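Some notes on the structure that comes next.
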Amino acid sequence: RYPTGLPSVDDFELRGVALPPLASGQVQVRNVWLSVDPYMRGRMNDVPSYVAPFRLDEPLDGAAVGQVVESRHDGFRPGDFVLHRFGWRDEVVADGNAFTALSSLYPPQAWLNTLGPIGATAYFGLLSVGGAKPGETVFVSAAAGAVGSVVVQIAKLKGMRVIGSAGGASKCDFVRSLGADAVIDYKAPGTMIEKLRQAAPDGIDVYFDNVGGDHLDAALGCAKQGARVAICGMIQMYNSSEVVPLANLFRVITARIRVQGFIVSDFRSRWDEFQSDMEGWVAGGKVAGHETIMEGLNVVPSAFLALFSGKNTGKLLVKL
Ligand code: NDP
């Protein structure tokens, strides 16, 4: 069923179905890594959006990495690792064209993290949408998460001053270990704007928004003249109908702030540029893919829900 507010594991059901026999041109893939992502919450509302809602009684699609079990397609052999979008299931039979063969140079799950849409979201959001430049001050929220932790690392290697926010002392320690110059524990006493003013007394040039709400309002309140706000996500709102007022919205005018939302797929035509930079950084040890791993197909709904209680550090993956 479509959930209201925070979903529960009872909104999901694990079902067994027989796979069809393998036809010519098809491959059979056994999944090894499944991705759970906050944007999937939006697909659990039956409303039109930039991506279609999930359909009731059908498997949830999304990014996954698997290994070919059997192939009747010339491009794949048993044992090959492949990326696909058939999502939350242990096995799939489909046309070979629906799968992308993965280079064996990196751990296969890296294609669901730094080398995939997570890395690209951080890269294009920070450098293109945010237009962040060396020497500038960047604030990123959910900085201990998948996208946020990559934003921190890219901003540092590009010579920016970085402030990251996260929930709790150990997550803040993690963000600091990534190279952040200052961290904000949004769960500690005090308001976001007070904490951000303290971390950035001269203001911020770029805000990479993963959270929305009071984090966004604080960023607008501390933005320098000509600052840029890259709106990537607003996880604070995904399970809530509460409207958080933006008391500092008027500063968009007075401080000439550019606020722009984006979806990573907007940058499909520039993927090679990202791939080449990111592979270099990963190979050179400048960007690391941090992971929280849960195991088993039956834990997928609770893994997904763990994103909203912040149980993950880095990319949350389910290993089968
Ligand atoms: P994360 O790995 O960052 O996981 C979500 C994190 O958000 C949690 O670990 C938690 O960290 C934090 N969080 C959860 N609820 C709240 C809350 N109410 N207030 C503040 N923080 C909260 O997920 P991703 O890196 O995959 O995604 C990060 C954001 O980027 C999301 O908003 C997502 O929708 C968006 N996104 C957008 C894309 C685009 O194309 N525009 C593409 C990919 C992601 P903590 O413990 O610190 O609270």
Side-chain angles (χ1 to χ4, degrees), residues 5-7 34-45 49-51 62-63 112-114 116-126 128-130 139-154 163-176 178 180 183-188 192 195 207-219 229-242 244 259-268 270-271 274 289-294 303-318:
L6 183 67
L34 304 183
S35 185
V36 290
D37 298 275
Y39 83 92
M40 291 173 155
R41 177 62 188 88
R43 299 189 65 192
M44 293 171 197
N45 300 328
S49 184
Y50 68 96
V51 54
L112 298 173
N113 192 0
T114 49
I118 295 290
T121 302
Y123 178 90
F124 291 116
L126 179 69
S128 290
V129 184
F139 169 43
V140 53
S141 51
V147 172
S149 61
V150 181
V151 171
V152 173
Q153 295 175 80
I154 298 175
I163 301 158
S165 66
S170 67
K171 282 206 172 183
C172 286
D173 288 345
F174 169 70
V175 175
R176 213 176 273 112
L178 298 173
V183 291
I184 292 172
D185 178 355
Y186 76 88
K187 289 185 176 166
M192 268 308 289
K195 293 174 194 174
Y207 173 45
F208 191 110
D209 191 17
N210 286 316
V211 170
D214 60 344
H215 291 59
L216 173 58
D217 197 40
V229 176
I231 307 272
C232 173
M234 293 192 175
I235 197 164
Q236 203 178 87
M237 292 173 43
Y238 294 178
N239 296 303
S240 167
S241 51
E242 191 193 336
V244 179
V259 181
Q260 190 184 333
F262 71 101
I263 302 291
V264 62
S265 53
D266 301 343
F267 293 92
R268 205 168 275 139
R270 290 175 55 193
W271 212 261
F274 151 70
H290 297 273
E291 299 162 351
T292 297
I293 297 170
M294 296 175 73
F304 167 71
L305 295 174
L307 292 165
F308 302 104
S309 54
K311 290 202 180 80
N312 63 306
T313 298
K315 174 73 187 125
L316 184 44
L317 293 166
V318 177

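We use all heavy atoms of the structure for the numbers below, so side chains are in, but hydrogens, waters and symmetry mates are not. Just follow the structure's listing: the first ligand is 1, and inside any ligand the first atom is 1. Everything quoted here is computed from the prediction, not taken from an experiment.
The atoms of ligand 1 that sit less than 4.0 Å from any heavy atom of Gly314 are 2 (O). Listed by number with element, the atoms of ligand 1 under 4.0 angstrom from any heavy atom of Ala146 are 1 (P), 2 (O), 3 (O), 25 (O). Ligand-side atoms of ligand 1 in range of Val211: 19 (N), 20 (C), 21 (N), range being under 4.0 angstrom from any heavy atom. Near Ala166, with a cut-off below 4.0 Å to any heavy atom, the atoms of ligand 1 are 47 (O). Listed by atom number, the atoms of ligand 1 under 4.0 Å from Val264 heavy atoms are 39 (C), 40 (O). Short contacts between ligand 1 and Gly310, defined as distances under 4.0 Å to a heavy atom of the residue, involve ligand atoms 8 (C), 9 (O), 10 (C), 46 (O).
The heavy atom nearest to atom 13 (N) of ligand 1, considering only Ile235, Val150, Ile231, is found in Ile235. The heavy atom nearest to atom 17 (C) of ligand 1, considering only Lys171, Gln236, Met234, is found in Gln236.
Checked against a 3.5 angstrom limit, the closest N/O atoms of Tyr238 and ligand 1 fall inside it. Checking only distances, Val147 does come within under 3.5 Å of ligand 1, N or O to N or O. Between Asn312 and ligand 1, a contact under 3.5 Å exists for at least one N or O pair. In terms of polar-atom proximity, defined here as any N/O pair under 3.5 Å, Gly145 makes no such contact with ligand 1.
Cys232 counts as a contact of ligand 1, since one of its heavy atoms falls under 4.0 Å from the ligand. Using 4.0 Å as the threshold, Ile118 has a heavy atom nearer than that to some atom of ligand 1. Not close to ligand 1: Leu316, with no non-hydrogen atom less than 4.0 angstrom away.
Proximity of Asn210 to ligand 1, defined as any heavy-atom pair under 4.0 Å, is shared by backbone and side chain alike. At a 4.0 Å heavy-atom cut-off, ligand 1 does not touch Lys315 at all. Counting heavy atoms closer than 4.0 Å to ligand 1, residue Thr121 contributes side-chain atoms (C-beta onward) but none from N, CA, C or O.
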From CA spacing to verdict: side-chain hydrogen bond (donor to acceptor under 3.5 Å, both in side chains), Asp37, Tyr39: CA-CA 6 Å; Asp37 298 275; Tyr39 83 92; 5.0 Å; no
